[in-house]
Amino acid sequence: MNPTLPVGADYVRILPEIVLSIFGMAIMVLDPLVDEKKSQQLLGGLGLIGTLAGLVSTWIMAQSPGFAFWNMVQVDGFSVFFHVLVIAIALVLILTSYEYMAVQQLRAGEYYGLILFGLVGMCLMSSAVELVLIFISLEISSISTYILAGFRRRSATSSESSLKYFLLGSFATAFFLYGVAMMFGATGSTNIDAISAALNSGKVPLLAYVAMALMFVGLGFKVAAAPFHIWTPDVYEGAPAPVVGFMSTAPKAAAFAVLLRIIFEANAPGRFWLIWLSAVLSMTLGNVAALVQDNVKRLLAYSSIAHAGYILVAFAAKPELGAPAVMFYTAAYAAMNVGAFAVVSHLANENERYVTLENYAGLGRSSPILAGTLTIFLISLIGIPITGGFFAKFYVFSAALQSNLVWLTIIGVINSAIGAYYYLKIIVVMYMREAREEVPVLPIPLALRAALALTLAATVYLGVVPGRMLTFVQQSAQQLLQAEHTSAREQVGNAAVPRATQ
Amino acid sequence: MVPVSYYLILSGILFSCGVIGFLIKRNIITIFISIELMLNGVNLSFVAFAAQWQHLSGQVFVFFVMVVAAAEATVGLAIIIAVFRTRETLNVDHVNLLKL
């Protein structure tokens with residue numbers, strides 16, 4: 001490989017990112033040219049085509065696995081999995097947003113552009129194997145979501161949520177960055193494979209432990225794990241409902257992908273108690289706080305903290321068992337949570353007026369379809385069989401048990417039982433309680449129907465026939481865990497980074 | 001020559017100043033500047049480590065951090081203006097519609 005110029009295969013390995021950026025820029029350029037009334041359909045449609053093109057180009061990318069751009073990007077089953085996941089989430093988000101944006105009377109253009117730009121960051125996060133690139137893609141995804149959170153610009157709550165997300169997000173990024181600096185200091189490299197080689201060859205310097213802890217703070221914030229979860233309920237309450245569905249799943253999935261790479265591929269030192277503690281705190285704080293919420297968005301925010309805790313349980317397990325469990329869980333959680341937020345954003349109506357639990361009373365009668373679909377998503381969030389949530393929890397807890405994490409499993413199962421209470425509370429309110437005030441339910445437009453059908457199909461599919469998905473995640477997790485040995489050797493072969501001494 | 005550890009200690013102090021500023025200051029702009037201070041503390045340690053390892057990638061990282069910090073500043077200031085328009089205050093204690 002020529003060390004100075006990228007070759008054609010390099011570009012194929014970042015093809016989805018290129019395609020998504022092109023569509024994002026096209027939307028930004030067309031935005032001022034298009035008539036405001038038509039912009040919704042036209043630019044939204046363009047965004048939709050963009051995500052579909054992203055999926056197709058992911059398939060093309062998957063045909064040429066390997067490294068690109070001097071060991072900065074790695075295409076394997078693992079990165080393909082997360083590419084497909086985040087792009088699919090964005091596709092459903094765009095379908096949900098059509099109606100939402102029209103109801104809220106928001107200008108559409110930038111919104112779809114920002115979704116695609118954020119997507120570029122998240123896709124890169126899943127294939128980056130270099131801390132520089134991880135940092136940049138983390139920021140691409142974060143900056144887009146900061147703006148998306150404040151998109152209901154005229155609403156005071158939305159801009160407040162955006163401000164909180166931005167300030168705490170940058171605060172956490174600084175910690176992550178400090179961790180990267182320390183890791184560079186401890187190992188002399190920012191490449192995950194080289195770091196892994198340095199950490200597994202003898203005595204681990206103290207600096208590496210500090211680096212690990214600081215990086216975990218930064219990523220823990222992104223996945224909303226306790227004790228770095230304080231921002232979550234506020235931001236989720238104020239941000240536009242479809243965006244919440246998006247940012248509680250896609251950036252989180254990408255951040256989990258980064259965590260998987262850093263923790264498992266680099267075989268990070270001293271991670272166990274860090275993760276153990278964070279998992280227990282997230283599950284417990286999330287579930288207990290969710291019990292007393294009466295705002296549905298806030299309730300789902302606390303539930304998302306709890307789910308981050310369940311996923312962290314798998315991180316404490318043995319790598320070969322934990323990694324596939326994490327991947328399965330993020331997929332199942334994405335399907336059910338995006339679906340639930342699609343229903344919430346449809347019911348929210350103008351200015352997001354109807355988002356309290358009280359407004360859901362009598363929904364079973366006024367709109368059986370919406371109530372029925374929301375019920376299935378909630379059942380899946382509880383983890384009842386024939387839904388994706390059940391197998392997701394099952395694999396996480398069985399991975400933990402097989403790694404002899406008995407206490408963690410017990411705490412997790414108790415927490416699932418607590419969690420069942422507040423999800424069931426929503427179902428009970430929908431079907432058993434009479435509506436006190438009239439809550440108008442708008443007719444369900446075609447795009448939203450498609451979004452609900454997709455998420456519902458995914459939730460049930462993962463719950464009924466999880467076999468294929470499971471084989472796939474196991475294979476790609478294996479590739480992830482084996483990767484360090486092959487590429488560390490490749491690294492020596494072509495030292496791409498110029499050294500100051502040369 | 002000044003030893004590398006001096007730079008690292010200074011970068012630690014800068015970073016801690018940023019963290020403390022973030023936690024105790026109430027003006028949004030000042031909080032924002034504190035974050036920049038943290039990032040610059042990190043930059044200093046990158047350069048120091050780059051000198052220690054005789055490896056350019058640490059210095060290259062600093063450029064990326066600067067660019068990203070500038071992008072973040074743009075978005076951050078826009079968000080601050082949006083908040084100011086709806087609330088007419090820059091004190092975080094008054095930006096409290098959502099309970100924390």
Side-chain angles (χ1 to χ4, degrees), chain A residues 130-133 135-136 138-140 142-144 146-147 149-150 153-171 173-191 207 230-231 233-238 298 497-502, chain B residues 4 8 11-12 15 18-19 22-23 28 31-32 34-65 67-69 71-76 78-87 92 95-100:
Chain A
E130 165 83 28
L131 290 173
V132 185
L133 189 59
F135 164 68
I136 293 167
L138 188 73
E139 281 300 285
I140 297 175
S142 303
I143 289 177
S144 315
Y146 298 151
I147 308 173
R153 220 175 18 224
R154 287 179 294 270
S155 140
T157 49
S158 186
S159 46
E160 182 179 329
S161 112
S162 173
L163 178 74
K164 281 183 175 163
Y165 193 26
F166 166 73
L167 287 179
L168 292 168
S170 336
F171 189 58
T173 308
F175 276 96
F176 176 75
L177 207 54
Y178 206 30
V180 173
M182 299 242 176
M183 194 53 104
F184 174 63
T187 60
S189 173
T190 47
N191 189 296
L207 206 54
I230 311 287
W231 58 280
D234 283 10
V235 172
Y236 285 14
E237 188 184 341
R298 227 177 149 77
V497 191
R499 286 184 171 257
T501 43
Q502 281 170 356
Chain B
V4 170
L8 293 178
S11 92
F15 190 84
V19 173
F22 183 92
L23 296 176
I28 298 174
I31 292 175
F32 183 60
S34 304
I35 295 172
E36 297 293 309
L37 194 60
M38 290 165 73
L39 289 180
N40 283 321
V42 174
N43 279 350
L44 185 59
S45 65
F46 264 122
V47 176
F49 281 128
Q52 188 199 4
W53 285 95
Q54 296 286 298
H55 203 314
L56 274 183
S57 65
Q59 300 190 10
V60 173
F61 212 130
V62 172
F63 283 105
F64 284 115
V65 174
V67 171
V68 167
E72 221 174 43
T74 323
V75 170
I79 292 171
I80 292 172
I81 289 173
V83 169
F84 187 75
R85 279 202 184 132
T86 53
R87 212 66 61 79
V92 273
V95 184
N96 56 1
L97 278 184
L98 305 162
K99 52 193 167 180
L100 196 69

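Since this is a predicted model, take the numbers as computed values, not measurements.
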**Q.** Pick from Phe166(A), Tyr146(A), Tyr178(A), Phe175(A) with the largest number of heavy-atom pairs that fall under 4.5 Å of chain B
**A.** Tyr178(A)
Q. Any side-chain donor-acceptor pair under 3.5 Å between Ser155(A) and Thr157(A)?
A. yes
Q: Could you tell me which non-hydrogen atom of Thr86(B) sits nearest to which non-hydrogen atom of Arg153(A), and how far apart they are?
A: CG2-O, 3.8 Å
Q: Please work out which of the three classes, parallel, tilted or perpendicular, describes the rings of Phe22(B) and Phe171(A), given edges at 30° and 60°.
A: parallel
Q) Contact part of Val19(B) toward chain A, heavy-atom cut-off under 4.5 Å: side chain, backbone, both or neither? A) both
Q) Do Arg298(A) and Asp234(A) come close enough that some side-chain heavy atom pair is under 4.5 Å? A) yes
Q | Under 4.5 Å from a heavy atom of chain A, the part of Phe46(B) involved | A | both
Q. By a 4.5 Å heavy-atom criterion (distance strictly below it), what part of Ser144(A) contacts chain B: side chain, backbone, both, or neither?
A. neither
Q | Which portion of Leu138(A) sits near chain B, non-hydrogen atoms under 4.5 angstrom | A | neither
**Q.** Closest non-hydrogen atom pair, Ser45(B) against Leu8(B)
**A.** CB-CD2, 3.9 Å
Q: Give, as side chain, backbone, both or neither, the part of Ser161(A) having an atom under 4.5 angstrom from any heavy atom of chain B.
A: both
(Q) For Ser11(B), which atoms come within 4.5 Å of any heavy atom of chain A: side chain, backbone, both, or neither? (A) both
Q. Measuring heavy-atom distances to chain B, does Ala186(A) have an atom under 4.5 Å in its side chain, in its backbone, in both, or in neither?
A. backbone
Q) Out of Glu72(B), Arg87(B), Met38(B), Arg85(B), which one racks up the most heavy-atom pairs below 4.5 Å with chain A? A) Glu72(B)
**Q.** Sub-4.5 Å side-chain heavy-atom contact between Asn43(B) and Phe61(B)
**A.** no
Q | Pairs of heavy atoms under 4.5 Å with chain A: top-ranked of Ile31(B), Ile80(B), Val65(B), Leu39(B) | A | Val65(B)
Q: Heavy atoms only, distances under 4.5 angstrom: which of Leu167(A), Thr190(A), Val235(A), Leu131(A) has the most pairs with chain B? Name it, please.
A: Leu167(A)
Q: With a 4.5 angstrom heavy-atom cut-off, could you sort out which part of Ala48(B) is near chain A: side chain, backbone, both or neither?
A: neither
Q: Over 60° means perpendicular and under 30° means parallel, so classify the ring planes of Phe184(A) and His55(B), tilted if in between.
A: perpendicular
Q) So, for Ala156(A) and Ser159(A), which heavy atoms are closest and what is the spacing to 0.1 Å? A) O-OG, 3.3 Å
